[in-house]
Amino acid sequence: MSTLPPELQTELAQQVAAADHPREQVINIMYVLQKHYGYMSDEAVEEAAALLDMTPLEVEELATFYDFIYREAVGKFVIHVCDGVVCWMFHEGSVFDYLCEKLGVCAGGVSADGMFTVLPSACLGFCDHAPAMLINGVFYGHLNPEKIDAILEKLRREYCDLVICR
Amino acid sequence: MGEQVLLLNRQPDRPLSLEEYRQSGGYEALMAAVGKRTPEELRQLVLASGLRGRGGAGFPAGKKWSFIGKGHPRYLIPNTDEMEPGTFKDRVLVNVNPHLVLEGIILSAYAISAAKGIFFIRPSYEMDAELIERELGVAREAGFLGENILGSDFSFDLVVHRSAGRYICGEASAQVNAIMGRRPHPNKEVHMTDAGLWGKPTIVNNVETLACVPAILRKGPDWFKGLARSKDGAGTKLFCVSGRVNRPGCYEMPMGTPFNEILDEAGGMSPGSELKAFLPGGASTSFMPPKFSQVQMDFEPLKETGNRLGTGAIMVFDQNTCLVGATLNLLDYFTRESCGFCTPCREGLPFIRDLLLRLEHGEGKEEFIPMLKQMAHHMFKAYCAFAPGAASPVLGLLHHFEAEIREHISQRQCPFKGK
Ligand SMILES: Cc1cc2nc3c(=O)[nH]c(=O)nc-3n(C[C@H](O)[C@H](O)[C@H](O)COP(=O)(O)O)c2cc1C
Ligand code: SF4
Ligand code: FES
């Protein structure tokens, strides 16, 4: 039995029905479910499978493949820290370690206030602003500890819809 | 800097609008082509222009199009996955002039009689995905996209496909699997041009390749060839320069511009930095020492040096950067991104990475050097071009910087630590 709100259920079913090939919607559906549940939970995998007429295993194969689909609980803001070679070159005192220490988390963990998750990520395509990170779709470059503190403070303060990269 | 074709009228802080693009000849090529020239004519012009794919492999675009199969519907996939480390030209291009990109896509679709395009874009470019979505609405409104384009019998529409990450999705056949909701492994069993997306004829092109098409049609293949500085080159190229330079960024310069002139355009080396090495075209190319500063940045001249132009993403390393450490970073990346489908890549890359890790930590031995060579060469037996790409920086390190590896071994530590 679906645990999705009926409106969302209908909306997603329509989205699938409107596609030339239902399966081409699988990533879009996963993004919506991930936003709804906060991450791609077991329940979300089952829901996606039911909507797309796939087996849960087929969905799982994709959910575990992509790095912007989170198969474990994440914070409200997922911080993708670039570990590409250009950013690496500029890491005097790594941005990644600084963030983890500051937020009291390890890679993939959720900060105590439920706000943040830090993940290492492939080159983000923002190398002209190295070192860089991406938070819910927004780039931040030329990072240093002071800048990072200010960004975290701003995110804590300002209301922002749960985006999880979309 | 030379003539600007792709980044013409670049604004520092915003994309050009449809009106602005039209003021400099935008969509004229489309109006002159649709219903007036045959797709075959377009294919011939692009072939004659010498345009080679900008996605990394440099395959002639017109030639690829000539292989298009007979079936319908046909698909065009503009590739904006851009996950090659160091590469950000497609992001800049889309942001400078989305309508140039769109016109290029529509013209190319006409040339191969495609009915549908799938704009494949990586998740970190969400803002750019939204920009393209908005602007393709504007183009549709203006009659450049959709049913019966400009009143002709040519219909073509474009949708944005948002990816969810992973480097291998940039590889054409893996990309097709990704769009079909399958696990994105490469597939070499079929020809994309005959049986690609949903089993139909499909062309995958990099967006920079497609964005060259409007100007080629408007100004002619000879003009396009004449833009290049190398003997058999054609067009301009978006070079993205990053690392230890004064003004990292994306610069449009003639194909075949020597490396040192591109470095100058990027403001030269940062204060206190001296050039030690550069990767000419992304992480899948090989390190080059300063003696190659004069090399012409084009497919053939770089091939002659045993290297590749790749994506034209130039990463500049200085004398204080450990190249064993840099190669280790690259192999961390490749090991993580390997799709795991074939054994040489899935098993070989962690092995290479481990040797580099031990070298960097001062646990290296002399015999690691031949082992690295042997393992790197095994990568050429892998299923797709990912693994040979991963081997490239390792081979460059071995070839040009063996002395630095040896220092790691003899000093039992990274010689750059604590510097
Ligand atoms: C591992 C791997 C990743 C690739 N990533 C990209 C990419 O992000 N963008 C791209 O245009 N081409 C990429 N390519 C090249 C594509 O397979 C394909 O050759 C290209 O998109 C064709 O376009 P072109 O002929 O216009 O260059 C990649 C290839 C490999 C092997
Ligand atoms: S070479 Fe690597 S990326 Fe390519 S198919 Fe084999 S495992 Fe996958
Ligand atoms: S290496 Fe960090 S954004 Fe490219």
Side-chain angles (χ1 to χ4, degrees), chain A residues 19-31 34 40 48 52 54 58-70 78 80 82-92 119-130 132-139 141-142 163-166, chain B residues 73 82-92 116 118 122-127 130 159 161-169 178-184 197-198 240-244 247-250 279 282-283 313 315-318 321 325-327 329-330 332-333 336-337 339-340 393:
Chain A
D20 291 346
H21 306 269
R23 234 177 129 145
E24 75 191 10
Q25 286 299 321
V26 59
I27 295 176
N28 286 338
I29 297 288
M30 285 198 290
Y31 275 134
Q34 160 163 294
M40 196 68 196
L52 292 153
M54 292 167 71
E58 285 171 323
V59 175
E60 180 77 344
E61 261 192 346
L62 300 174
T64 53
F65 190 85
Y66 290 113
D67 56 341
F68 279 67
I69 299 294
Y70 313 121
V78 181
H80 285 266
C82 178
D83 64 3
V85 71
V86 182
C87 290
W88 168 85
M89 226 188 278
F90 289 94
H91 277 186
E92 291 101 4
L119 289 174
S121 293
C123 166
L124 297 166
F126 207 52
C127 330
D128 44 347
H129 300 261
M133 64 184 183
L134 178 78
I135 308 179
N136 292 12
V138 180
F139 280 121
H142 301 303
V163 232
I164 314 196
C165 298
R166 278 293 307 275
Chain B
E82 189 153 75
M83 278 195 62
E84 182 66 43
T87 314
F88 48 90
K89 66 187 178 67
D90 298 340
R91 168 174 65 79
V92 170
K116 192 171 173 187
I118 293 103
R122 62 180 295 188
S124 45
Y125 290 180
E126 175 59 23
M127 297 302 169
E130 285 169 19
V159 294
H161 174 96
R162 289 169 163 89
S163 177
R166 305 304 299 276
Y167 175 49
I168 195 62
C169 294
I179 296 171
M180 293 195 291
R182 300 195 186 142
R183 193 153 162 130
L197 188 62
W198 310 113
C240 21
V241 191
S242 63
R244 296 287 178 191
R247 285 195 307 272
C250 179
L279 288 167
M315 289 177 267
V316 178
F317 299 83
D318 74 356
T321 309
T327 313
N329 171 287
L330 295 170
D332 272 335
Y333 167 80
R336 190 174 65 201
E337 294 298 320
C339 85

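Proteins come first, then strands; the chains are lettered A, B, ... in the order of their sequence lines, and each starts at number 1. Keep in mind it's a predicted model, so treat the numbers as computed, not measured.
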Angle between ring planes, W198(B) versus H21(A), binned at 30° and 60°: parallel, tilted or perpendicular? parallel

Trace of the side-chain contact (heavy atoms from CB on, under 4.5 Å) decision for K116(B) with D20(A): CA-CA 11 Å; K116(B) 192 171 173 187; D20(A) 291 346; 3.2 Å; yes

Looking only at non-hydrogen atoms, find the nearest pair between [X] and [Y] and report the distance.
X: V85(A); Y: M315(B); result: CG1-SD, 3.5 Å
X: G243(B); Y: V86(A); result: N-CG1, 3.7 Å
X: R122(B); Y: A122(A); result: NH2-O, 4.3 Å
X: G125(A); Y: F88(B); result: O-CB, 3.2 Å
X: Y31(A); Y: A164(B); result: OH-CA, 3.2 Å
X: T87(B); Y: C127(A); result: N-SG, 4.3 Å

Proximal component of [X], with respect to chain B [non-hydrogen, under 4.5 Å]:
X: D83(A); answer: both
X: M54(A); answer: side chain
X: F126(A); answer: both

Under a 4.5 Å heavy-atom cut-off, does chain A meet the side chain of [X], its backbone, both or neither?
X: V316(B); result: backbone
X: T321(B); result: side chain
X: A178(B); result: both
X: R166(B); result: both
X: I118(B); result: neither
X: Y125(B); result: side chain

Interface residue of largest heavy-atom contact number with chain A, from [options], under 4.5 Å:
options: C250(B), A283(B), G86(B); result: G86(B)
options: C169(B), C240(B), S124(B); result: S124(B)
options: P248(B), P184(B), G249(B), G325(B); result: P184(B)

Interatomic spacing from [atom1] in [X] to [atom2] in [Y] - rounded to 0.5 Å:
X: M89(A); Y: N329(B); atom1: CE; atom2: CG; result: 9.0 Å
X: M83(B); Y: L124(A); atom1: CE; atom2: CG; result: 8.5 Å
X: E337(B); Y: C123(A); atom1: CD; atom2: SG; result: 10.5 Å
X: E24(A); Y: R182(B); atom1: CD; atom2: CZ; result: 12.0 Å

Evaluate side-chain contact (heavy atoms from CB on, under 4.5 Å) for H161(B) paired with I27(A), printing each intermediate quantity in order. CA-CA 9 Å; H161(B) 174 96; I27(A) 295 176; 3.9 Å; yes

Taking the six-membered ring of Y66(A) as reference, does the NZ or CZ atom of R183(B) fall below 6.0 Å from its centre and within a 45° cone about the axis? no

When you compare the side chain of N136(A) with that of E126(B), does any pair of heavy atoms fall below 4.5 Å? no

Select, from G84(A), A130(A), P22(A), P120(A), the one with the greatest count of heavy-atom pairs under 4.5 Å involving chain B. G84(A)

Residue of the set R247(B), R91(B), K89(B) for which salt bridge (Lys or Arg N to Asp or Glu O under 4.0 Å) holds with D128(A): R91(B)

Between R336(B) and D67(A), is there a salt bridge with N-O shorter than 4.0 Å? no

Please walk me through it: do C339(B) and F65(A) pass side-chain contact (heavy atoms from CB on, under 4.5 Å)? CA-CA 9 Å; C339(B) 85; F65(A) 190 85; 4.2 Å; yes

